[in-house]
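Remember, it's 1-based here, ligands and their atoms both numbered in the order they're listed. Note: hydrogens, waters and symmetry copies are ignored here, and every other heavy atom, side chains too, is used.
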Amino acid sequence: MNPTRSASMSPACWSIFFWVLHFFPLLIWFQLNAAAAIGNQTDHLALLKFKESISKDPYGILAFWNSTSHFCTWNGIICSRRHERVTVLNLQRYGLHGFISPHLGNLSFLRILNLQDNSFNDEIPQELGRLIRLQELMLTNNTLAGNIPTNLTSCSQLKGLYLERNNLTGKIPREIDSLRKLERLFLSTNMLTGQIPTSIGNLSSLSTLHAQENSLEGSPPEEIGHMKNLTILNISVNKLSGKLPSSLYNMSSLTKIYLTSNQFRGSLPANMFVTLPSLQQFAMAYNQMSGPIPTSVTNASKLILLDFVDNHLVGQVPSLGNLKDLQILNLAENSLGSNSNKDLEFLKLMTNCSKLRILGLTLNSLGGSLPNSIGNLSTQLESLYLGGNQIYGEIPATIGNLVHLDLLAMESNHLSGIIPTSFGKLHKIELLSLQFLDLSQNNLSGSIPQALQGISTLEYLNISFNMLDGEVPTKGVFANASAVAVIGKNKLCGGISELQLPPCPMKATKKKKRQHHKLVVVIICVVVFLLLLSSILTIYCLRKRNRKSTSNSPTIDLLSKVSYQSLYQATDGFSPSNLIGTGGFGSVYKGRLESEEGVVAIKVLNLRRTGADKSFIAECNALRNIRHRNLVKILTCCSSIDYKGQTFKALVFEYMTNGCLENWLHHGIETAEHQRTLDLRQRLTIVIDIASALHYLHIECKQPIAHCDLKPSNILLDDDLVARVGDFGLARLLSTITSLSNTSTIGIKGTIGYAPPEYGMGSEVSREGDMYSFGILMSEILTGRRPTEEMFKEGYNLHNHVRTALPDNLSQIIDPALLPREFQQTTTAATEAEIDLENPTHLHPNVNKCLLSLCRIGLACSVESPNERMNVVDVTKELNLIKKAFLADGINGGRARI
Ligand SMILES: *[C@@H]1O[C@H](CO)[C@@H](O)[C@H](O)[C@H]1NC(C)=O
Ligand SMILES: *[C@@H]1O[C@H](CO)[C@@H](O)[C@H](O)[C@H]1NC(C)=O
Ligand SMILES: *[C@@H]1O[C@H](CO)[C@@H](O)[C@H](O)[C@H]1NC(C)=O
Ligand SMILES: *[C@@H]1O[C@H](CO)[C@@H](O)[C@H](O)[C@H]1NC(C)=O
Ligand SMILES: *[C@@H]1O[C@H](CO)[C@@H](O)[C@H](O)[C@H]1NC(C)=O
Ligand SMILES: *[C@@H]1O[C@H](CO)[C@@H](O)[C@H](O)[C@H]1NC(C)=O
Ligand SMILES: *[C@@H]1O[C@H](CO)[C@@H](O)[C@H](O)[C@H]1NC(C)=O
Ligand SMILES: *[C@@H]1O[C@H](CO)[C@@H](O)[C@H](O)[C@H]1NC(C)=O
Ligand SMILES: *[C@@H]1O[C@H](CO)[C@@H](O)[C@H](O)[C@H]1NC(C)=O
């Protein structure tokens, strides 16, 4: 319309265009920078909020998380270089307590969140679902509760989800199939319930699924077979039941399948090892599977572990000669038979399995005799369990060729003939050699080979209930009465006196044999006399015994063992709801055992080893003989192999209804009653109880024992509040059974705060060390303060804390719960630090005196130099005097407070 106008506009347009062109990069730069500033501000705030949600940080790892430095330099943080946004937050194993702040959901660039091995509690916040770039979420080994948040399924980039060992409840969310990229899913050891959702079949990238040790139920869905990339499936120890989905057998990618301890039924398809060509480990123990072992196992050349313990399998053991990699075969507790007229044919065929370490056939119906080729089994063989079958014939001498054997159990069969002298060969290799030998309840005859006493490693020998005769050797294992069992049917003599066998008749030399007939007559007379005498004695004994029970005589008071399965049942599958404590040595569960009356405590030792039981039983026996009113009684033990082929060892104790001293001192026990804290009289009694237990362990025991880990959580209180010391001897027990492995010895030398300073410098454990722990423990009982509290650092410890307050400021350091009640109420009103405790007249002079004397003993026990510490004999003496003086005074009768 108007050319001039349009022409005059033109330069302006150009100039705008020019400016835009010129400054466009600058604009983008500004914009990016603004984003970065907002971004890093958000991250900064989110991290500070996260820090606020942490209540305990023992390593002070978050102390430097403050505004004086850029958050990208903070501990545990990695940022992207360009945008300075947090991409990794890794605070694994820093002992952090607290909850996971929902503000973490604002770290929108986060790829890896690792809070494993801490004590985060409360729920996993739904807000984590906003982390759309998250690839690894690692929350294993915390105390997280609540459900798995459904919003997590929005983290569509997630490749690894690790939620093991928490207290999660509820179901596996159906929406889990939104995690299309998920490769690893770890849900084990929680309290998840319900069925495995069918949607799980849509997780096409999943390669590892760990859901063991939960309470999942129903049968696994057929859709499970759709996961074409799954290599490891572990759903052991759940309440799953019914038949296994048939699609499972089509998952050719699977290498490991663990189904142990469920209630699966039905039989396995004959060709399963053909349709699962990659299978290396198949664990199906403790289920109710029936039918035969699938014939295709013959071709399962990749198989390393096959575990069918305690099912209802029938038929014969197929040829396993092609299984060159097989290491563990356990078929115990089934109904497998064999052609009883022949050798145990399959054993012959197994000589090709040159890597075999554990062969378990206990409690089946195997007949036949042992082939000579048993000596050609793998030289790697460590454990051979053949007990509880119908095996007859002689023990082949070739068995001596199994030079690595450390456990041989052939009890309860029909074996006859002699014990081959070749057994003595078993000790030629020094490290791994025979430690456990059970030949009891057979028909073995002849004498005990002298060679057996030469096996220096042998720690347990049971040859009872055979028809052996002659002299029992006295050296080696025979020198230890608690390690050998020789009773029943045998006609043995001699041996060490504790075995209570008759002495052996004088040896008749050849010369004498040739001599006078007179002597023969005399001998006959003597024999007749002895026979008469012994039958009279027998009758007498039988009568006497009939009055008692007819069961075991004291010499076979060996530990009655319980099975893994019965402990499993007693604790509802070691369910977290039965977990009553965890410590350095392992976890303690509450359970109800059929064989014991009432509730027991079951301590499962923490051993990450494969292998079989060795010295454990012998050591348990020794421990069980240590009995005292103030020690927790060991009822029985279990030494077995769990479903992973790993060593499982547990001790069964009396259950103590009143829990541990730790709880009484620090947490208060919540009931309707008033008197929940311990008064001075009770504390005094408890201290004396503990001292008596130590007196017994240190002085009265045949072999003195150092406890090594005395602390309030190891002191248990029974119905009558009598203190019982637990965990004694465990240090020794653990050091014997872990000596071959490299397991760390944390826990063996006590607990930080209670262990004496010299242990930290490599000193051997000692009674003096125990006295130190006792002194600290006493101070804790009196002050109510843990030696590990934050105030104790840099040379200031509980010992100094008490020492500097004596004698005049006593009332400032003792547990406020020990103060007179009316005074206590005023103190709880004020904050603890502000209490005016100047005036000691609040304490009755006698109480003051008692407390003072007790504190002094605690101090005298916990001095730094081991040689200057008070010993337990003097401690018990003094404590009893203090108690006498205290009780003589009228003020503390009944339940009245001091
Ligand atoms: C955010 O980034 C800008 C520029 O990169 C920087 O100057 C500022 O200090 C950062 N803020 C924080 C809180 O880190
Ligand atoms: C995180 O984001 C939410 C929602 O956008 C906001 O309410 C909250 O204040 C943010 N937290 C921090 C620490 O910035
Ligand atoms: C803040 O962190 C720095 C190190 O980054 C540290 O030196 C300083 O002591 C910290 N400040 C506070 C108040 O903790
Ligand atoms: C679990 O975390 C605790 C610290 O909270 C740690 O001591 C323990 O070793 C962790 N367990 C495992 C198996 O890593
Ligand atoms: C959880 O996800 C839903 C749906 O995506 C969303 O509406 C809700 O805000 C999320 N909750 C949190 C706390 O992020
Ligand atoms: C798997 O995903 C498909 C499509 O995304 C859906 O139609 C199907 O219902 C899902 N399967 C299950 C078992 O959830
Ligand atoms: C297993 O695979 C075979 C052959 O591919 C097929 O015929 C069969 O239907 C599959 N079974 C199941 C349960 O998927
Ligand atoms: C083992 O494999 C061979 C050859 O592949 C086959 O002929 C045989 O039938 C298989 N045996 C079993 C028991 O499946
Ligand atoms: C043992 O292995 C050899 C060679 O690999 C093989 O020829 C033989 O058949 C195998 N023996 C058995 C019993 O499987």
Side-chain angles (χ1 to χ4, degrees), residues 35 37-59 61 65 67 71 77 85-86 89-110 114-132 134 137-144 146-156 158 162-167 173-176 178-179 186 188-190 210 212-213 574 576 579 581-587 604-609 644 646 713 743-748 751-752 788:
I38 291 166
N40 63 16
Q41 193 57 27
T42 311
D43 284 7
H44 188 195
L45 290 177
L47 289 174
L48 288 179
K49 285 284 180 195
F50 172 74
K51 181 183 172 182
E52 273 174 27
S53 68
I54 296 201
S55 57
K56 204 169 132 193
D57 173 18
Y59 297 95
I61 200 77
W65 279 33
S67 302
F71 63 82
I77 305 289
R85 301 296 309 268
V86 179
L89 173 54
N90 179 357
L91 294 172
Q92 186 174 350
R93 203 179 281 261
Y94 282 124
L96 302 174
H97 285 240
F99 63 93
I100 300 178
S101 165
H103 292 285
L104 282 190
N106 292 6
L107 297 175
S108 48
F109 278 68
L110 200 62
N114 183 352
L115 302 176
Q116 266 172 214
D117 303 322
N118 286 294
S119 300
F120 284 100
N121 50 35
D122 224 332
E123 302 197 358
I124 302 171
Q126 293 278 10
E127 283 79 357
L128 294 191
R130 294 162 53 193
L131 300 173
I132 50 166
L134 197 65
L137 177 56
M138 307 163 97
L139 303 175
T140 292
N141 190 15
N142 279 285
T143 45
L144 297 165
N147 295 350
I148 301 174
T150 38
N151 276 25
L152 275 189
T153 57
S154 317
C155 303
S156 55
L158 213 55
Y162 299 81
L163 304 175
E164 295 173 284
R165 279 179 270 136
N166 281 292
N167 303 328
R174 195 169 36 82
E175 298 81 353
I176 196 151
S178 320
L179 302 174
F186 289 79
S188 55
T189 321
N190 278 291
H210 277 212
Q212 71 270 26
E213 297 182 49
F574 301 104
L579 188 68
T582 45
F585 294 122
S587 310
V604 179
L605 300 183
N606 197 356
L607 307 161
R608 298 250 174 260
R609 281 185 69 212
K644 291 173 195 152
Q646 282 190 324
S713 59
T743 11
S744 97
T745 51
I746 298 171
I748 292 185
T751 304
I752 291 170
T788 50

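A side-chain N or O of Asn141 and one of Asp117 form a donor-acceptor pair less than 3.5 Å apart. Counting only N and O atoms by type, the side chains of Arg130 and Asn151 include no donor and acceptor under 3.5 Å apart. Donor-acceptor pairing under 3.5 Å is recorded for the side chains of Glu164 and Ser188.
Not a single heavy atom of Gln116 sits less than 4.0 Å from an atom of ligand 4.
Taking every non-hydrogen atom of Asn141 and a distance limit under 4.0 Å, the qualifying atoms of ligand 4 come out as 1 (C), 2 (O), 3 (C), 8 (C), 10 (C), 11 (N), 12 (C), 14 (O). Near Ala46, the atoms of ligand 2 lying under 4.0 angstrom from a non-hydrogen atom of the residue are 13 (C). Near Lys49, meaning under 4.0 Å from one of its heavy atoms, ligand 2 places the atoms 13 (C).
In terms of polar-atom proximity, defined here as any N/O pair under 3.5 Å, Asn106 does make such a contact with ligand 2. For ligand 4, the polar-atom distance check against Ser119 finds no nitrogen or oxygen pair separated by under 3.5 Å. At a 3.5 angstrom cut-off on N or O pairs, Thr42 does not count as close to ligand 2.
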Worksheet item: Would Leu47 and Leu107 satisfy side-chain contact (heavy atoms from CB on, under 4.5 Å), going step by step from the backbone distance to the final call?
Response: CA-CA 8 Å; Leu47 289 174; Leu107 297 175; 4.1 Å; yes
Practice prompt. Decide yes or no on side-chain contact (heavy atoms from CB on, under 4.5 Å) for Leu91 and Phe50, but give the supporting numbers first.
Written response: CA-CA 12 Å; Leu91 294 172; Phe50 172 74; 3.6 Å; yes
Practice prompt. Begin from the C-alpha positions of Asn114 and Leu89 and carry the test side-chain contact (heavy atoms from CB on, under 4.5 Å) through to its verdict.
Written response: CA-CA 6 Å; Asn114 183 352; Leu89 173 54; over 6 Å; no
Practice prompt. Step by step, work out the side-chain contact (heavy atoms from CB on, under 4.5 Å) result for Phe120 and Leu139.
Written response: CA-CA 9 Å; Phe120 284 100; Leu139 303 175; over 6 Å; no
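Closer than 4.0 angstrom to ligand 5 lie heavy atoms from Gln126, Glu127, Arg130, Asn151.
The side-chain contact (heavy atoms from CB on, under 4.5 Å) test with Leu144 is passed by exactly one of Leu163, Leu115, Asn121, Asn166: Asn166.
Residues meeting the ring pair (Phe, Tyr, Trp, His ring centres under 6.0 Å) test with Tyr162, sequence neighbours left out: Phe186.
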